[in-house]
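All values below were derived from every heavy atom in this structure, side-chain atoms included, with hydrogens, water molecules and symmetry-related copies excluded. Note that ligands are numbered from 1 as they come in the structure, with each ligand's atoms numbered from 1 the same way.
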Amino acid sequence: MTKYGFLGLGIMGNGMAANLVKAGYDVTVWNRSPVKCASLVAQGAKQAKTPEAVTASCDITFAMLADPEAAREVCFGPEGALAGIGEGRGYVDMSTVDEETVKAIAISITTAGGRFLESPVSGSKKPAMDGTLVILSAGDESLYKDALPAFEKMGKMSFFLEKTGQAARMKLVVNMIMGSMMTALSEGVALCRKSGLNEFQLLEVLSNGALASPMVKGKMPTMLDGVFPTNFPLKHMQKDMRLAVSLGDRLSQPLPTAAAANELFKAARKAGLSDEDFAAVFKILS
Ligand code: NAP
């Protein structure tokens, strides 16, 4: 049976690794703060002390880390994932990062004799727990095929986008649209409130028209309640906006709406909202 490793047990990684354990796989986990391994170990996972120990003992290791800095540190740092990669072993980075980070990790892993796949995901805390993520992969196709049984436990749909870096780009495009939609929705709710309109009626109107979406139906009620349980931390949304705007810079693609939305998310971080849900950007507009 394939031995799987999992590095990074945050909001997303916890649910994703749990689905591999529940499916009966041999899973070894590691997290920077070891305490987050406890629930997985209680469900039957093994716990390793370093990323190196995970990649050295598993056929395929998945990583789900905060940002480019974390992805690089876990791979290249002391006792990092790279140090344990042997001939033919697989490293699948599922974090949302930029293509430069993906390519740097890919080159190092393949030079060390391993195989590399980038596989960022679309979906949030609940889809991670339910195993219904949408998985976007690019890189080594043989590793993609070998990882598919695990992807089937973590997601409802998988895409192979071929060349390394393409999945990072696709993921940034998706989140750039989502971040811009969130700031537009926030402005709409704020204007509705200032206009003396009934915001619950706005929710009903939106939910029954062309703008009906899981995001409107899921996030707008949190704005109306003023409570923002963290499914997708605002700091990660701002990271994605920043990386998308930077991609647009490099390609000379004007992104005026996304750039403005990025500024709102930056202002929200400055206001201390980094660890709240990304819908909390509403707070700085209302
Ligand atoms: P999270 O809850 O903040 O978890 C981040 C993980 O990265 C934790 O395991 C954390 O370890 C680890 N980490 C951070 N800095 C590190 C470092 N320097 N060295 C080692 N480990 C480090 O984030 P998340 O929501 O699970 O998101 C993980 C990734 O998935 C991000 O790239 C995010 O953009 C993406 N994503 C998130 C969602 C979502 O809805 N939440 C959806 C799709 C994609 P500690 O526990 O020790 O802090």
Distance check, rounded to the nearest 0.5 Å: [X] atom [atom1] versus [Y] atom [atom2]?
| X | Y | atom1 | atom2 | value |
| --- | --- | --- | --- | --- |
| L82 | T55 | CG | OG1 | 8.0 Å |
| M182 | N175 | CE | CG | 11.0 Å |
| E199 | M223 | CD | CE | 11.0 Å |

Geometric N/O contact [X] with ligand 1, under 3.5 angstrom:
| X | answer |
| --- | --- |
| V74 | no |
| A66 | yes |
| T96 | yes |
| D67 | no |

Where on [X] is there a heavy atom closer than 4.0 Å to ligand 1, on the side chain, on the backbone, on both, or on neither?
| X | value |
| --- | --- |
| M94 | neither |
| S122 | neither |
| N14 | neither |
| E69 | neither |
| R32 | both |
| E73 | side chain |
| L9 | backbone |

Around [atom], find the nearest protein heavy atom and jot down its residue, atom name and distance.
| atom | value |
| --- | --- |
| atom 30 (O) of ligand 1 | M64 CE, 3.1 Å |
| atom 12 (C) of ligand 1 | L65 CD2, 4.0 Å |
| atom 43 (C) of ligand 1 | G123 O, 3.3 Å |
| atom 47 (O) of ligand 1 | S33 OG, 2.4 Å |
| atom 26 (O) of ligand 1 | M12 N, 2.8 Å |
| atom 4 (O) of ligand 1 | G10 CA, 3.4 Å |
| atom 2 (O) of ligand 1 | I11 N, 2.9 Å |
| atom 23 (O) of ligand 1 | H236 NE2, 3.1 Å |

Evaluation steps, side chain to side chain contact (heavy atoms under 4.5 Å, CB included), between Q166 and L136:
CA-CA 9 Å; Q166 295 297 91; L136 310 169; over 6 Å; no
Identify, by atom number and element, the atoms of ligand 1 in contact range of [X], meaning under 4.0 Å from any of its heavy atoms.
| X | result |
| --- | --- |
| N31 | 8 (C), 9 (O), 11 (O), 45 (P), 46 (O), 47 (O) |
| G8 | 9 (O) |
| P233 | 25 (O), 41 (N) |
| V121 | 43 (C), 44 (C) |
| S124 | 39 (C), 40 (O) |
| K239 | 31 (C), 32 (O), 33 (C), 34 (O) |

Distance-only polar pair, side chains of T132 and D130, donor-acceptor under 3.5 Å
no
Answer yes or no: is there a side-chain heavy-atom contact under 4.5 Å between L206 and L202?
yes
Check: L20 and F62 side chains under 4.5 Å, non-hydrogen atoms
yes
Run the side chain to side chain contact (heavy atoms under 4.5 Å, CB included) test on F265 and L234 for me, step by step, so that the C-alpha distance in whole Å, both residues' side-chain angles and the decisive distance to 0.1 Å come before the verdict.
CA-CA 7 Å; F265 284 108; L234 187 142; 4.0 Å; yes
How about E204: does its CD atom have over 12 heavy atoms from other parts shown lying under 6.0 Å from it?
no
Can we say [X] and [Y] salt-bridge, meaning some charged N sits less than 4.0 Å from an Asp/Glu carboxylate O?
| X | Y | result |
| --- | --- | --- |
| K46 | D26 | yes |
| K283 | E276 | yes |
| D67 | K235 | no |
| K266 | E263 | yes |

Selected option - heavy-atom contact closest to atom 41 (N) of ligand 1, from N231, V97, T230:
N231
Short question: side chain of E79, backbone of P51 - any donor-acceptor pair under 3.5 Å?
no
For the side chain of Q43 and the backbone of S39, is there at least one donor-acceptor N/O pair under 3.5 Å apart?
yes
